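Note sheet for the following structure.
Here the structure is a predicted model, which is why all the values come from computation and not from measurement. Chain letters run A, B, ... following the sequence lines, proteins first and then strands; every chain starts at 1.
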Protein chains: 2
Amino acid sequence: MSDEMGPGHSRRKERSRQAILAATRALVAEEAYEKVTVEAIAARAGVGKQTIYRRWPSKSAVVFAALLDLSEDADGQSITLPDTGDLEADLKLVMRASVKEFADPAFDRLIRALTTEIAQDAALAAEYREKLAEPMAAAKKARLRSAQRAGRLDAEADLDLVLEVLYAPLFQRWLHRSGPLTTAYADSLVDVTLRAFGP
Amino acid sequence: MSDEMGPGHSRRKERSRQAILAATRALVAEEAYEKVTVEAIAARAGVGKQTIYRRWPSKSAVVFAALLDLSEDADGQSITLPDTGDLEADLKLVMRASVKEFADPAFDRLIRALTTEIAQDAALAAEYREKLAEPMAAAKKARLRSAQRAGRLDAEADLDLVLEVLYAPLFQRWLHRSGPLTTAYADSLVDVTLRAFGP
């Protein structure tokens, strides 16, 4: 047995994984998405192309992993939303952070690339839902259910619809570049949602 | 001068244009979008590839023309929304039609393809806004302003935001395939919007 199978091997594997994901994020931020290739990612990360293909089946899978890795870094293992008892303040905090994220050019390029892949690729869409969208939605719904128990939100409200009214305008405005992504806009989406689904 | 320059020429040009747009719609409905090529469109339409390139610079431009042609057929020259005086009924009529359109597989393929092109291509996005999104938004805002004058809608409401709350949830649910596209859903978007922006 060589030390390839020991803890040094695990550390090297994790280092190469991180290098690949960082190279992917850097390239997506710099280049038109169709020009980002698995070859270019491998060259930037200093690994062989096969090292990437052993782990991920396609460019879109690596791009998705690069995004997921960012959100795991940011949120830790379990995502929770602030719950200070003040629903309006908590939602504005969260929505301002989301608006800021979409307005960040590096994030913009990554999520724009992934959105176009997801629109065409039903398998990737399912993975996106399972690994990112659904855990995020579950965390948001936990906060909304707490607000329903506290009488701050209509107890009968359909929470999927509440989340759509809160987030879909931001998503569409970002995707179509149809308006400014500002703190005031984040706040107005919370105000609208609370008017629509207040008790 | 041959008759190539006379009215017979115009008629033939329009016939070939219609054949190209119909072939584009048929191919987009049948094939994965990346497999639809200008060559394949030309073959299906029974024209030369150069006939297409003389009129449109790229595949995405032909696909957009094919969509625009559908909406011009459906709506005539100027788009107007029903105005019976009953805002809720008028909006439900319009939203039910939109939901039905998004749920139609042929339209789905066309608009999904175009959405991915638009997300990447800022020039096509601008053309889409100018030729389709803005005229549609203007028609919808005319109906909303009439409701504001009639006291059915908050006179201070930001109409861009009203339209986002009405349409963005449908757009996102359709794009991410994250929920059913039903008449009840169309109605619930109108109900939510009227609660949020009522007088």
Side-chain angles (χ1 to χ4, degrees), chain A residues 28 31-36 108-109 111-126 128-129 132-134 137 154 157-180 184-185 187-198, chain B residues 28 31-36 108-109 111-126 128-129 132-134 137 154 157-180 184-185 187-198:
Chain A
V28 169
E31 302 276 350
Y33 183 66
E34 63 273 20
K35 292 196 182 155
V36 177
D108 175 281
R109 297 290 294 267
I111 192 82
R112 200 171 288 277
L114 198 69
T115 297
T116 65
E117 296 273 8
I118 282 173
Q120 301 287 344
D121 179 342
L124 188 67
Y128 176 82
R129 271 200 303 277
L132 201 58
E134 282 172 4
D154 176 8
D158 170 347
L159 298 186
D160 287 309
L161 188 60
V162 176
L163 289 182
E164 284 181 340
V165 170
L166 195 54
Y167 281 91
L170 166 60
F171 172 72
Q172 181 184 271
R173 181 177 280 214
W174 162 77
L175 187 68
H176 289 164
R177 301 180 174 91
S178 52
Y185 181 59
D187 289 355
S188 72
L189 292 177
V190 174
D191 293 339
V192 159
T193 302
L194 294 182
R195 276 202 303 275
F197 299 102
Chain B
V28 169
E31 301 277 349
Y33 183 65
E34 63 273 18
K35 293 198 181 154
V36 177
D108 175 281
R109 297 290 295 265
I111 192 80
R112 199 170 288 277
L114 199 69
T115 297
T116 66
E117 296 273 7
I118 281 173
Q120 301 287 344
D121 179 342
L124 187 67
Y128 176 81
R129 271 200 302 277
L132 201 57
E134 284 173 4
D154 176 8
D158 171 348
L159 297 187
D160 287 309
L161 188 60
V162 177
L163 289 182
E164 284 180 341
V165 170
L166 196 54
Y167 281 90
L170 166 60
F171 172 71
Q172 181 185 271
R173 183 178 278 215
W174 161 77
L175 187 69
H176 288 163
R177 302 180 173 93
S178 51
Y185 181 60
D187 289 355
S188 72
L189 292 177
V190 174
D191 294 338
V192 160
T193 302
L194 294 181
R195 276 202 303 275
F197 299 101

Do A/T115 and B/T115 have side-chain heavy atoms sitting under 4.5 Å apart?
no
For residues B/S178 and A/E164, report the shortest heavy-atom separation together with the two atoms involved.
OG-OE2, 4.5 Å
Whatever's closer than 4.5 Å to a heavy atom in chain B on A/R109 counts as neither
Nearest non-hydrogen partners of B/S188 and A/L161, listed with the distance:
OG-CD2, 3.9 Å
Among B/G179, B/A196, B/A125, B/A113, which residue forms the greatest number of heavy-atom pairs with chain A at distances under 4.5 Å?
B/A196
When rounded to the nearest 0.5 Å, the distance separating CG of B/L175 from CD of A/Q172 is 10.0 Å
Kindly say whether A/H176 contributes a backbone atom to a donor-acceptor pair with the side chain of B/R129 at under 3.5 angstrom?
yes
For B/L194, is it the side chain, the backbone, both, or neither that has a heavy atom closer than 4.5 Å to a heavy atom of chain A?
neither
